[in-house]
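Read the numbers this way: they start at 1 and go in the same order the structure lists the ligands and their atoms.
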Amino acid sequence: MALWGGRFSQGAADATFALSRSIDFDWRLAPYDIRSSLAHLDNLESAQLLSGPDSTAIRAALRELASEVASNRFLPISSDEDVHSALERGLSQKLGALGGALRAGRSRNDQVTTDLRLFAIDHILEIALLIADVQSALLEKAAQYVNDAAPGFTHIQHAQPISFAHELAKHAHALARDLDRINDWLTRASVSSLGAGALGGSSLSLDPAATAKSLGFHSSFANSIDAVSDRDYVAEALFIFSLIGVHLSRIGEEWTLWASTEFGWAKISDAYATGSSIMPQKKNPDIAELARGKSGRLTGNLVALLTMLKGLPFAYNRDLQEDKEPLFDSIDTLLLLLPALTGMIATTDFDRRKMAASAPLGFSLATEIADYLVGKKIPFAIAHEAAGACVALCESTSRQLHELTDEEFLGIHQGLDAGVRSGLTVQGALASRTSTGGTAPSLVKAQIELALAANTAQRSAIASKASTFLEMMSA
Ligand code: ARG
């Protein structure tokens, strides 16, 4: 059923209808649309624009429709254009002409963006909890490897030994910033657009602040034209999701490398790996690869939205209907990916012996030699040269740094007495890195404990927002 008609002499061509219809993807807004209709109904009633019996009948019909939608007893049909028209059809089937009463003082323009904000808030909270799960899987896994050395890399070349826990836990810190960004977003996105009407507000004495409050928004719009045009909250959410995707892709890349035969560090659990249809020996890290691969579509969705918004003129334009699929797709992608990644992380075991054996290779303790000389007040440039000379000698004679003789050390620099050897063990090198945030196991342990405590606090803050939202939805 079209929501217009009076000024049209013929119906839409099939191609027009097919192109403009959004019901195939916007039906998932139905619960939010019904909830905002209830708030709008209260507003119409308070303004005495509906009689008591009429508003009682509409309220009952909306509630009935909500339960029919939830149980799939009411579904869209092919002639429905979008979620709003489908639900108005549902109301009209129950109430006759009264089913169209809610259109007073409201347009699909303010309605759709209010619904989308509610949808986005609901789902970003779900995503935030799943991110907290990835974080705790990383931190709990890290806690098992505090005293295990591994080579640390720059340029994928051995750089300095690190505690493997430090390596795992670093990803949890990136995810903590994502949670912070979600928190900031929640504050900024929490503005109701309801009451902006088509673009200029309403002549009916409605109270947008009241609907905003009823729907749990922090505030109501200040400019009705902006209220129907603004999709910043979608763009920002998509940016946050892209960056989460980038962070997950970096986890994916490392896991993939670590699971390779060349590294042989990570043993991914069978439950979180896949096989090959032709090569019986294969065990592939597909979750890690999909974490890497899905970041492409998350970024693509952000670019699609920004490109659609660029240069868009005043107030509502039908282009804005294209805001939904990128948002839905990014949310669905993360809802699939995050639990799989958490499972993979929590069930991966690492080969401590192999990592430890490889930690000192590639002359990764050379910095210790330079630092030893600096401890004797030798300028770093000279210390660096001397340590480099030690590496060159080892390379030309196929030895490791600790295999140089006392004479050879002294020959390179007189400050390189026997004391230098204490830094040439991996555990000694690790233990010495006690600067803030450094890789000394004692510090790493404390970092992980702090991060776990922050994770617990984040979780309960998110859970309490989610339960407030749920209360609002079921009011
Ligand atoms: N389905 C539309 C959308 O998603 C609803 C708003 C339609 N507004 C209009 N003026 N045609 O944007």
Nearest 0.5 Å, please: how far is CG in Leu312 from OG1 in Thr307? 12.0 Å
Per-atom contacts, ligand 1 versus [X] - under 4.0 Å to a heavy atom:
X: Lys324; answer: 3 (C), 4 (O), 12 (O)
X: Arg318; answer: 11 (N)
X: Asn109; answer: 8 (N), 9 (C), 10 (N)
X: Ser22; answer: 1 (N)
X: Asp82; answer: 1 (N), 2 (C), 5 (C)

Extract all donor-acceptor atom pairs below 3.5 Å that involve side chains of residues 130-143 and protein atoms in other chains or at least two apart in sequence.
unit_1 : atom_1 : unit_2 : atom_2 : d
Asp133 : OD1    : Arg459 : NH1    : 2.8
Asp133 : OD1    : Arg459 : NH2    : 3.0
Gln135 : OE1    : Asn455 : ND2    : 2.8
Gln135 : NE2    : Ala172 : O      : 3.0
Ser136 : OG     : Ala132 : O      : 3.1
Ser136 : OG     : Asp133 : O      : 3.4
Ser136 : OG     : Arg459 : NH2    : 2.7
Lys141 : NZ     : Ala346 : O      : 3.3
Lys141 : NZ     : Thr348 : O      : 2.7

Polar contacts were defined as any N/O atom of the residue lying under 3.5 Å from an N/O atom of the ligand; does this apply to His84 and ligand 1? no
Report the part of Val83 (side chain from C-beta onward, or backbone N, CA, C, O) that has a heavy atom under 4.0 Å from ligand 1; answer both or neither where that applies. neither
Is the positively charged end of Arg28 above the ring of Phe119, judged by distance under 6.0 angstrom from the centroid and angle within 45° of the axis? no
Distance under 6.0 Å and angle within 45° of the ring axis: does Arg352 meet both against Phe164? no
Is the closest heavy-atom distance from Glu81 to ligand 1 below 4.0 Å? no
Any salt bridge between Arg108 and Glu81, counting N to O under 4.0 Å? yes
May I have the step-by-step check of salt bridge (charged side-chain N to carboxylate O under 4.0 Å, His left out) for Arg188 and Asp232, ending in yes or no? CA-CA 9 Å; Arg188 228 176 354 268; Asp232 291 4; over 6 Å; no
